[in-house]
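Data first, discussion second: the structure below is written as structure tokens.
Computation of the quantities below employed the complete heavy-atom set of this structure, encompassing side-chain atoms and omitting hydrogens, waters and symmetry-equivalent molecules.
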Amino acid sequence: MKAKSPQDLPAIQRYWNIVRNGMFLFGLRNRLANIGIDIKPYYWVQEEFTPCNEPAIKGDASAYTVKYISIEEVKVIYQNRPQEELDEVIEGMQNGYLCVGLECNSEIVTYMYVALEDFDFKGRILKLKPNESYLFNIWTIHAYRGKNLAPYLRYKTYQLLKERGRDVKYSVTEYFNKSSIKFKKKLNSKNLYLYLSIVLFNKYKWNFTLKKY
């Protein structure tokens with residue numbers, strides 16, 4: 001199994017992808033976060049608030065296999081990423097996070113994570129009931145973008161979670177991440193709250209509720 005990292009692309013191409021997809025402010029926020037100024041307005045979202053249809057893949061859907069991804073497979077995916085990122089993912093999976101992905105031609109082309117227990121998001125403790133789950137950090141490698149794989153994997157993950165008795169799914173959508181907002185709309189998701197998180201130098205943390213829908 002092999003998977004390409006976003007760091008495999010030239011820097012100028014990565015920046016152009018951000019601008020082209022209407023994500024300049026999203027990218028700017030991430031740059032500020034890298035120097036310790038993390039200001040994040042975000043939606044707390046219930047995914048598939050009403051039942052949705054299976055999203056269609058562009059191409060042959062039979063070429064893709066939905067699977068749980070092991071820690072050993074994650075190590076391959078993160079082989080060109082900073083060690084601290086891999087360590088954080090492994091720690092999360094050892095504590096119960098699930099990693100689900102789509103495999104095509106022996107390559108993991110889209111993957112995401114699922115939390116089944118309470119967790120800390122930017123200093124806000126988010127509680128999960130036994131029938132709830134939290135979905136996060138979905139990624140599609142560049143060669144497979146534009147094929148509608150993210151909504152397709154999300155939908156397939158809903159089915160896996162339903163088998164576990166987890167029929168209520170939540171996620172966070174960053175306010176400036178237009179791409180994420182667009183794909184969640186395809187899945188009949190609903191914004192429940194608009195929050196604002198401010199974290200300075202990973203030490204001082206504040207959370208505010210801006211709006212309830």
Report summary line: Rounded to the nearest 0.5 angstrom, the OG1-CD distance for T157 and E48 is 11.5 Å
Query - K169 NZ to N131 CG distance, which is reported to the nearest 0.5 Å - result: 10.0 Å
Report task. Give a yes or no on whether the backbone of A56 and the side-chain of N148 come within a donor-acceptor separation of less than 3.5 Å. Result -> yes
Query raised in the report: Atom NZ of K186 and atom CZ of R154: how far apart are they, to the nearest 0.5 Å?
Result: 13.0 Å
Query - pair L102-V66: side-chain heavy atoms closer than 4.5 Å - result: yes
Requested in this report: From the options L210, N207, T209, select the one residue that forms a side chain to side chain contact (heavy atoms under 4.5 Å, CB included) with L196.
Outcome: L210
Query raised in the report: Can a cation-pi geometry be assigned to R124 and F121, taking NZ or CZ under 6.0 Å from the six-membered ring centre and within 45° of the ring axis?
Result: no
Report task. Say whether, by atom type as modelled, one donor and one acceptor occur between the side chain of D60 and the main chain of S62 under 3.5 angstrom. Result -> yes
Query raised in the report: Is the backbone of E132 close enough, under 3.5 Å, to the side chain of R166 for a donor and an acceptor to pair up by distance?
Result: yes
Query raised in the report: Is it the case that K178 places NZ or CZ above or below the six-membered ring of Y175, under 6.0 angstrom from the centre and within 45 degrees of the axis?
Result: yes
**Report entry** Distance-only donor-acceptor check, side chains T65 and E103, under 3.5 Å
**Finding:** no
Query raised in the report: Just wondering, do L135 and M112 contact through their side chains at under 4.5 Å, heavy atoms?
Result: yes
Query raised in the report: Taking a hydrophobic cluster as the set of Ile, Leu, Val, Met, Phe, Trp and Tyr residues connected by side-chain heavy atoms closer than 4.5 Å, whether directly or through intermediates, do Y113 and V168 fall within one such cluster?
Result: yes
Query - T110 vs I138, side chain to side chain contact (heavy atoms under 4.5 Å, CB included): CA-CA, chis, key distance, verdict - result: CA-CA 7 Å; T110 304; I138 193 165; 4.2 Å; yes
Report task. First locate atom NZ of K205, then atom CG of L200, and finally report the distance between them rounded to the nearest 0.5 Å. Result -> 11.5 Å
Report task. Output, in order, the C-alpha distance, side-chain angles, deciding distance and verdict of side chain to side chain contact (heavy atoms under 4.5 Å, CB included) for Y64 and L149. Result -> CA-CA 10 Å; Y64 299 89; L149 296 185; 3.9 Å; yes
Report task. For residues Q94 and I90, determine if any side-chain heavy atom of one lies less than 4.5 Å from a side-chain heavy atom of the other. Result -> yes
Report summary line: Here the gap from C52 atom SG to Y158 atom OH, rounded to the nearest 0.5 Å, amounts to 6.0 Å
Query raised in the report: Are the side chains of Y155 and N53 in touch, meaning some heavy atoms are under 4.5 Å apart?
Result: no
**Report entry** Worked verdict on K127 versus D118 for salt bridge (charged side-chain N to carboxylate O under 4.0 Å, His left out)
**Finding:** CA-CA 5 Å; K127 300 286 187 177; D118 300 345; 3.7 Å; yes
**Report entry** Side-chain heavy atoms of P55 within contact of L187, under 4.5 Å
**Finding:** yes
Report task. Verify salt bridge (charged side-chain N to carboxylate O under 4.0 Å, His left out) between E73 and K67, making sure each step is shown before the conclusion. Result -> CA-CA 11 Å; E73 290 174 308; K67 60 178 290 185; 2.6 Å; yes
Query raised in the report: Nearest 0.5 Å, what's the CD-OG distance between E174 and S179?
Result: 12.0 Å
Requested in this report: Quick one: sort the Y204 and W206 rings into parallel, tilted or perpendicular, breaks at 30° and 60°.
Outcome: parallel
**Report entry** Sub-4.5 Å side-chain heavy-atom contact between Y111 and V100
**Finding:** no
**Report entry** E47 and K190 ion-paired at < 4.0 Å
**Finding:** no
Report task. Would you please indicate if the ring centroids of Y42 and Y195 are separated by under 6.0 Å? Result -> yes
Query raised in the report: Are any side-chain N or O atoms of E91 and backbone N or O atoms of E88, one a donor and one an acceptor, separated by less than 3.5 Å?
Result: no
**Report entry** Validation row: V89, K75 side chains within 4.5 angstrom (heavy atoms)
**Finding:** no
Query raised in the report: So E85 and Y78, side chain to side chain contact (heavy atoms under 4.5 Å, CB included) or not? Walk me through it.
Result: CA-CA 8 Å; E85 289 187 22; Y78 281 73; 4.2 Å; yes
Query raised in the report: Can you find a pair of side-chain heavy atoms, one from L161 and one from L116, that are under 4.5 Å apart?
Result: yes
Query raised in the report: Any chance OH of Y68 has more than 12 other-residue heavy atoms, nucleotides or ligands included, within less than 6.0 Å?
Result: yes
Query raised in the report: Any donor-acceptor pair under 3.5 Å linking the side chain of N177 with the backbone of T173?
Result: no
Report task. Indicate if Y213 and F208 have the same hydrophobic cluster label, given that clusters are the connected sets of ILVMFWY residues with side-chain heavy-atom separations under 4.5 angstrom. Result -> yes
Query raised in the report: Out of W44, Y134, Y43, F119, which residue meets the ring-ring contact (aromatic ring centres under 6.0 Å, His included) rule with Y170?
Result: W44
